[in-house]
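To keep things clear, I will list the structure first and then write my remarks on it.
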Amino acid sequence: SGIFLGGVYAAIMRVEHLAFRCLMFPAGYLVFLGCSYFAKAMAYEIEDESNSIALEPLLLCITGGFVTVNYSKFHFRFIDALKQGSPYIMLPFFTLVGAKLDLLTFVQALPLAIILSILRAICVFAGSSLGGYLVGQEKKMYLTIWMCLISQAGFD
């Protein structure tokens with residue numbers, strides 16, 4: 001699982017040479033292959049696909065990175081390897097994600113996504129304004145602080 005992957009990443013980070021540390025990217029790719037193989041094996045074993053078990057490779061990789069950064073002493077090596085290798089990973093990754101985007105589903109979900117985004121912004125405004133008012137912030141501050149709290153690209 002992701003914790004095991006974090007251990008693998010930490011073991012890779014033990015090596016001083018940056019080129020060897022970039023092996024974490026093929027390890028991440030193997031996670032995607034392994035999850036695909038696991039899903040096919042489960043579909044073969046369980047004829048009803050609605051009851052089959054699947055592993056989410058992106059979640060496993062995120063968990064592995066979290067474990068490596070927070071529970072090993074190789075935080076800076078891991079971040080450095082990510083900085084060095086990410087330009088070669090991000091372009092193909094986001095190209096594949098864009099190619100797999102189901103435009104019909106996207107268009108169907110867009111109205112709900114817009115409504116939820118607006119509702120979230122209103123709630124952030126209301127919460128930060130009320131909180132700022134209650135603690136005695138300046139009016140200019142508590143009426144504008146909400147803009148800093150709106151996430152970008154879906155990340156808080």
Any chance you could measure Leu91, atom CG, to Ser86, atom OG, to the nearest 0.5 Å?
-> 11.5 Å
Considering non-hydrogen atoms only, spot the tightest contact between Ile12 and Ala27 and give its length.
-> CD1-CB, 4.4 Å
Nearest atoms (heavy-atom pairs only) where Leu60 meets Cys35 | CD1-SG, 3.6 Å
Give a yes or no on whether Met141 atom CE has more than 12 heavy-atom contacts from other residues, nucleotides or ligands under 6.0 Å away.
-> no
Single-linkage hydrophobic cluster, 4.5 Å side-chain cutoff, Val8 and Leu59 together | no
Does the side chain of Val135 come within less than 4.5 Å of Tyr142's, by heavy atoms?
-> no
Met13 and Arg77: which non-hydrogen atoms are nearest, and at how many Å?
-> O-NH1, 2.8 Å
Between Val67 and Ser72, is any pair of side-chain heavy atoms under 4.5 Å apart?
-> no
For residues Trp146 and Val124, report the shortest heavy-atom separation together with the two atoms involved.
-> O-CG1, 3.9 Å
Cluster check Phe78, Tyr29: I/L/V/M/F/W/Y, side chain < 4.5 angstrom | no
Whether Thr63 side chain and Ile3 backbone form a donor-acceptor pair below 3.5 Å = no
For the residue pair Phe32 and Cys61, establish whether any side-chain heavy-atom pair is separated by less than 4.5 Å.
-> yes
Going from CD on Glu138 to CG on Leu143, what distance comes out if it is rounded to the nearest 0.5 angstrom?
-> 11.0 Å
Check: Phe76 main-chain N/O paired with Asp80 side-chain donor or acceptor under 3.5 Å = no
Please round to the nearest 0.5 Å and tell me the distance separating atom OG1 of Thr68 and atom CG of Leu82.
-> 9.5 Å
Hydrophobic cluster membership, Leu149 vs Phe125, 4.5 Å side-chain cutoff | yes
Please answer: with hydrophobic residues joined when any side-chain heavy atoms are less than 4.5 Å apart, are Ile118 and Phe106 in the same cluster?
-> yes
Indicate if Tyr88 and Val31 have the same hydrophobic cluster label, given that clusters are the connected sets of ILVMFWY residues with side-chain heavy-atom separations under 4.5 angstrom.
-> no
Check the pair Tyr9, Phe74 against side-chain contact (heavy atoms from CB on, under 4.5 Å), reporting the backbone distance first and the verdict last.
-> CA-CA 9 Å; Tyr9 284 162; Phe74 304 111; over 6 Å; no
Nearest 0.5 Å, what's the CG-CD distance between Leu104 and Gln108?
-> 4.5 Å
